[in-house]
Amino acid sequence: MNPWIRFFRSELGLSWRERRRVLLPLVFFVVVAALFPLAMTPRPATLRLIAPGVIWVDVMLATFLGLESLFRQDYEEGVLEQWILSPSSLELRVFLKVISFWTVTSLPLIIMSPILVLWLSFPVRALAVLLVGLLLGTVALSFLGALGAALTVSLRESGMLVAILLLPVATPILIFGAHSALLAAARENPRPALYLLATLFFLTVGLVPKAISTALKVSYEA
Amino acid sequence: MTAIRLFFHRLASPPHFYELSKPWGRAFAWIALVLILVGLYGGLWLAPRDFQQGNGYRIMYVHVPSAWMSLFVFMVMAASAFVGLVWRMRLAYAVAAASAPLGAAFTAVALVTGSLWGKPMWGTYWVWDARLTSELILFFLYLGFITLNRSFEDQQTGDRAAAILALVGAIDVPIVHYSVDWWQTLHQGSSFKGLTSEIAPSMLWPLLVMMAGFMFYYGWLVLWRARSEILLREADREWTRKVVGS
Amino acid sequence: MTRRHQRLVMVLLMLGCVALAVGFALRAFNGDLLYYITPTQLYDGRAPAHGQFRLGGIVEKGSVRRLPGSMTVNFTLTDYHHAVPVVYTGILPDLFRVGQGIVVRGRMVNGIFEATQVLAKHGAKYMPPGIHPLKPSSGQEKMLALKRDLAGGARS
C-alpha cells in the first residue's frame, strides 16, 4: 500500500478512536443553533433571514474550537519532531492530517445541518446551495483552524487565542458562504458567491499547508 | 555599491542600529512636529470650506493620513516579518513588534474619526461597508499579532509565529476588502486616482503635508520603540550590558 | 520518490490550486454582482420578492415634500427612465438634496418604497464653494456618473 494512504488511514483511525473529539463539536453545533430561536423571536420570517448566518458562524466556531488541539498530542509525544526530520514532505502530511480531521469532525456537522435548517425555517429549496457552500467552506476553515493550532501548539491554553487570531482572517469565507445561502433563499442567483467561495477554497488549500508547516517548524525549533 | 551594502549590513547589526536610531529618531520627531503643525494650520485655517460638506470635511486631515498609515504600517510589518523569517534577522522582528501597536493606534484613530465624519455626511455613525469593515478587521489582525507575539516564553518563537500571522494577514487584507465590497458598498470612491487627484489644490496641500507628517511621526516612534524591543531581544549580549550600564 | 521530486510535485500542486482559484474568481466576475438596484430594474421585476433591498437613484427636482409637524419626508428617486416614490421618517443626512445620488434601504409597500434608512453617497470631490469646474450637468450625465461611481466602488 502507498505509505501516504496508510498514513491517511491511520490518522483517520486515530481521530475516530477519540469519540469525544467527534461528538463535542457536533453537540456544540446543535446546541448553539438551538439558542438563537430562544434568544430572538421564534417568528419564522425572522429566523429564515438569520438562518444562514447562524449556521455559518456556528460552523466556524465549532471548527476552530475543535481544531485547536489538532497537533497538541503529536507535539507532546515527539511525533511532530519525527515528521519535521523525516525526508518526506511535511506539507503533504499536514494536508492529509487536516483532511482526515475534516472527515471525522466537519463532515458530521454538514450532515447534521439540514436538521438545523428546518429548525430555523430555512427554505428547503436553498438547501443544496447551503450544503455546497458548507462543503467548500468547512475545508477552508479547517485549514485555517489547523494554522491556528500550529501557531499555538507550544502554548498550554490557546482556545481563545486561536479564535482571536483566525476569526478576522476567516471573514471572507463567512461572507461568501452565508451570503450564497441567503441569496438562494431569496430566489436570487447564488453562483457568484459560490464561485468566490471556491476561489477562497483553492487559495487556502493551495497555500495554507505551507504556512502550517512553517509554523510547526517554528514551534519545534524553539 | 559596496558602500550601500556595507551601510545595510551595518544597519542590520543591533548595536549599530541602537546607536544610529537615536539621532535619526530625534530628527524625525522634529520634522514630524513641524509638518503636522503646518498641516494642521493649513487644513484648519487656510483651506476653504467645501462646496458640499462645509467645514465638516476638515476631519479628513486626520482621518485620511491615519487610514493610510494603518495600511502602510501593516505593509512594513509584513515586509519585516518576511525578512525576519527568510534571513532570520532579529532587527526585523524588533521593527515588526515595534510597529504593531502603532499600526493598531492609527487604525483606531481612523475608525473613530471615520465614524464621526460618517454621522453628518451619511446619516449614520457606522455602516458595514468595505472600507470601514476591512479597517475593523485590520484592527483585529493587529490585536492578534500583538497577542501572539507576547504569548510565548521564548521571544523568538513569538516573533516567528506572529510573523507567519502577519504574512497570512497581508494576503488576507485585500481579500477581506474585496469581499466586504462585494457584500455591500457605500463609501465614496477613492479620491486619489493614479497621480491625478480630484481634491482642489488649496485643500490638497495640507493633506499631503499631514500625510508626510504622520509618516515621520511613525518613523520616530518606530525607531524609539524598536530600540527597547532590540534590548529585550539582545538582553544577554555584551553590548547591551554596556549600553544599559550594569 | 526523491525529496527534490517530491518538492517539485508540491510546487506544481500549489500552482494548480492558485490557477483554479483565479479561474473561479474570473467566473464570479462575469456574473452580475448587484447590491443595489435602479428604479428601471425595479420596474423590470428584479427586486427580491420578500424583505428589504437597496434602491439607488437621484432625488428628483421638486419632489421633496415634508409632512408638516412630523419627521416624514416624501420624495421621488429617479434614474431618468423610471421614478419611484419614497417615504421616509427620520433625520435626513446633510448631503441629502435635490439632484444628489442616494441609496435607500427598505421595502415596497403598495407601490411606494418605504425606506428605513437613507444614505447619501457623496462623491470623491472636494471643492471650495463658488468654484464649479463641473458645470451643473444634465440629469442623464449625473445618472451615468452615479452609476460609474457606484460600480467603481464595487470593483476597487
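Within every chain, numbering begins at 1; the chains are lettered A, B, ... in the order of the sequence lines, protein sequences first and strands thereafter. Hydrogens, waters and symmetry mates are skipped; everything else that's a heavy atom, side chains included, is used.
- In B:Trp239, the CH2 atom is crowded: over 12 heavy atoms of neighbouring residues, nucleotides or ligands sit closer than 6.0 Å.
- Counting heavy-atom pairs under 4.5 Å between each of B:Ile171, B:Leu148, B:Thr147, B:Leu141 and chain A puts B:Leu148 at the top.
- Tested against B:Phe152 for a side-chain contact (heavy atoms from CB on, under 4.5 Å), the candidates A:Leu155, A:Val218, A:Leu151 yield a single pass: A:Leu155.
- Within residues 128-144 of chain A, no residue has any heavy atom closer than 4.5 Å to a heavy atom of chain B.
- Inter-residue side-chain proximity for B:Ser151 and A:Leu161 is flagged as met; some heavy-atom pair is nearer than 4.5 Å.
- Residue A:Leu203 touches chain B through its side chain alone, counting heavy-atom pairs closer than 4.5 Å.
- If you measure heavy-atom distances from A:Leu166 to chain B, you find no contacts under 4.5 Å at all.
- Atom OG1 of A:Thr214 sits about 5.5 Å away from atom CD1 of B:Ile164, to the nearest 0.5 Å.
- A pairwise comparison of heavy atoms in A:Leu200 and B:Ile175 identifies CD2-CG2, 3.6 Å as the closest pair.
- Using a 4.5 Å cut-off between non-hydrogen atoms, no part of residues 79-87 of chain B approaches chain A.
- The neighbour count for A:Trp102 CH2, taken as heavy atoms of other residues, nucleotides or ligands under 6.0 Å away, is above 12.
- A 4.5 Å side-chain heavy-atom check between B:Phe140 and A:Ile164 finds every atom pair outside the cut-off.
- In this view, A:Thr105 satisfies the side chain to side chain donor-acceptor pair (under 3.5 Å) rule with no residue, not counting sequence neighbours.
- Scored by the side chain to side chain donor-acceptor pair (under 3.5 Å) test, A:Ser100 finds no partners at all (sequence neighbours excluded).
- For the options A:Ala215, A:Pro168, A:Ala211, heavy-atom pairs under 4.5 Å to chain B are most numerous at A:Pro168.
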